[in-house]
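I am attaching a structure below and will ask some questions about it afterwards.
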Amino acid sequence: MKKLVLITSSLVLAILASVSSASGQSYMAQPRVNQTIGFNNSRLNTEATKFKQMLFLLANAYVDTLNVGRISEEAMINMMQQLDPHSVYISAKDVKEMEEPLLGKFEGIGIEYALIRDTLTVQSVIPGGPSEKVGLKAGDKINSVDGEVISGTKLTQMRVLKYLRGDKGTKVRVGVISRGEKERELVITRDKIPLNTVSSAYEIRPGVMYIKVSSFGAETYNEFMNPLQGKELKGLIVDLRGNGGGYLHTALRLVNEFMGRGQLILFTEGRAVQRTDDFADGSGKLQNVPLSVIIDENSASASEILSGAIQDWDRGTIIGRRSFGKGLVQQEFPLQDGSRVRITVARYHTPSGRVIQSPYKMGAAEEYYRNFYERYLNGESFSQDSIKINDSLKFKTLRLGRTVYGGGGIIPDVYIPIDTSYYSKSYLAAVNRGILSDFVSIYADNHRKDFERKYGTFSASQAEEKNNKTFSSFVSKFEVDDKYFNEFLEYARQNKIEFTQEELDKSGKELRNYLKGLIVRNLYGLDYYIRYDNLTDKEVQKALEALK
């Protein structure tokens, strides 16, 4: 099954928002600008005093009562919008939510869930988490929370988070319905829940490890290295597709594992920061392991630091499509009310001297992200010849002297286009509207016991070897037969999506693959979904070839 990449007019804003948010996370973890900055400049003093006077006058002289705090917040946001696309103001209430993915933990009950027919349905439980400890299982439905019935009340993601997240040690009563049983009440004590930044790590071929890194957080290095302990590696595939960045020091620490002593990883410089060079220290355990790195148009910042260094030193093969192009480094400064401002303080350069940042105009963030979308419209995702290259930004790799280019993203060594040959109008509608995933969630829930009886039990807490056996049994034996496929088509019709015979001829095979993959995701979790997907993924297969 292919990794679906859809960019239609209805999805433009969502895609751009996700890219903006992800790439905005990539900043320096260690301060490099003096944070005891004062208003010593007379011009700055004048401007600060003027702003303070303006707020005072609005609060005391305006005809109606004003929310001066809100006005001040809007002014801060507008101020940052006059700068580059990645400098942002973060309100106090948003700080914790933005930090959680990078810090690698949040506090809650420890489940993955889906909203199916306006009911909160458990997709999986996090091993060792609070929900597993009280016996909550995949397929269970949470009907009530602290005595309040929530099923059938037009549930939203925000409401679910409000119900289930909370401080460590607090308790929540949930009414749970398991298939064939009456509702029972469980009391769950919230705890710290790990947020893994490594989505999958497994031996894809004898001696060859595949590792999918979704972001660069505080725990990424350990999550990456732990599965490699005791392995005699013949090769390693690092998948950075969709990875929008994260902590700079985490990326540097990972790159260090692949490099020899004294090799430059990157250098940064800016108006208020002196040039800083980061070199490998020679302690890396993976210096001699053959390496393939997969990137795509949503790989940004820290992902580009890693892939750029690997490419510049001819250390491995970069596979996929041109990366996003974020070469600006942000530093976060706290403000007195708990809010923060994330300011671009430097540009980073790959070892050969390339600047990876895509061109932008100050105060024109919308245009900046529109240019990213236009790369797709211009055919860059489908043809390598459509990539616009600036010949004036030509560089040479440091060992083999190969030509590489700066001026916006990392251009891969091996280009793999998006496969859209199976796209049809109804197929795209079914995916975009969540019809496929909704149907599979219902189907898997109704047949969970049958799957366990036929292919074996699966549990996040049992031995990996047993889970691998169950997964392999399912993949080799289960097929989306006509009965199952026709049930999906009927469900699609009920949701006003009618597949013509021509569309089925074009999309049918991929639809069946997708339906099977989503069952894997529902029964066995994201890790095994990725493993199933990789069986036919063109980029992964090319990465395996490159290791030979």
Sequence neighbours excluded, the answer for side chain to side chain donor-acceptor pair (under 3.5 Å) partners of S131 is none
With Y528, which residues qualify under side chain to side chain donor-acceptor pair (under 3.5 Å), at least two apart? N468
With R253 as the cation and Y221 as the aromatic partner, state whether NZ or CZ is under 6.0 Å from the six-membered ring centre and within 45° of the axis. yes
I'd like to know if the side chain of T470 and the backbone of K466 have a donor-acceptor N/O pair within less than 3.5 Å. yes
Are side-chain heavy atoms of L515 and L436 found at a separation under 4.5 Å? yes
Closest non-hydrogen atom pair, D281 against R261: O-NH1, 3.0 Å
Which residues pass the side chain to side chain contact (heavy atoms under 4.5 Å, CB included) test with L233, sequence neighbours left out? M209, L228, K231, L286, V289
Residue set satisfying side chain to side chain donor-acceptor pair (under 3.5 Å) with S507, at least two apart, ordered chain then number -> S424
Charged N to carboxylate O below 4.0 Å: is that the case for K212 and D239? yes
Carefully, step by step, assess E269 and R347 under the rule salt bridge (charged side-chain N to carboxylate O under 4.0 Å, His left out). CA-CA 6 Å; E269 57 184 356; R347 292 180 176 84; over 6 Å; no
Would you compute the distance between atom CD1 of I295 and atom CG of D413 and round it to the nearest 0.5 angstrom? 8.5 Å
Mark yes or no for whether E332, through its side chain, and R342, through its backbone, hold a donor-acceptor pair below 3.5 Å. no
Of all pairs that satisfy ring-ring contact (aromatic ring centres under 6.0 Å, His included), the ones with a partner from residues 391-417, not counting sequence neighbours: none
Set of residues satisfying side chain to side chain donor-acceptor pair (under 3.5 Å) with respect to D527, sequence neighbours excluded: S200, R531
